[in-house]
Amino acid sequence: MKEYADKRRNARENLIVVGDQVLLKQSKADVLTPAFDPRLFSVIGVKGSMITVKRVRRCGFGPRSGCIPRGRN
């Protein structure tokens with residue numbers, strides 16, 4: 001019964017696993033808003049079709065990076 005329903009609904013396995021980095025889709029407020037949030041998010045949990053993400057903070061080492069790497073003087 002389940003196989004028949006899955007076949008009729010074109011159901012697929014979820015390919016996203018914990019540790020993947022993903023982009024979040026965002027609502028379009030106007031023409032200039034991109035379809036996806038340009039910041040990366042890391043998947044920290046998957047339960048069925050619900051995916052929990054956490055923002056990935058990347059530190060650059062340039063003069064305008066905005067964050068200071070630890071352990072360097």
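Residue pairs satisfying the side chain to side chain donor-acceptor pair (under 3.5 Å) criterion with at least one member in residues 27-36, sequence neighbours excluded, are listed as follows: Asp30-Thr33.
Between Gln26 and Phe36, the closest heavy-atom pair is NE2-O, 3.7 Å.
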Would you tabulate the side-chain donor-acceptor contacts of residues 4-17 under 3.5 Å, counting partners in other chains and residues two or more places apart, or write 'none'?
unit_1, atom_1, unit_2, atom_2, d
Asp6, OD2, Lys2, NZ, 2.7
Asn14, OD1, Ile16, N, 3.2

Which side-chain N or O atoms in residues 38-47 pair as donor and acceptor under 3.5 Å with protein atoms at least two apart or in another chain?
unit_1, atom_1, unit_2, atom_2, d
Arg39, NE, Asp37, OD1, 3.4
Arg39, NE, Asp37, OD2, 3.4
Arg39, NH2, Asp37, OD2, 2.8

Step-by-step side-chain contact (heavy atoms from CB on, under 4.5 Å) determination, Ile51 to Val53: CA-CA 6 Å; Ile51 299 169; Val53 296; 4.1 Å; yes

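The cluster map of Ile, Leu, Val, Met, Phe, Trp and Tyr, joined by side-chain heavy atoms under 4.5 Å apart, puts Val56 and Val22 in different clusters.
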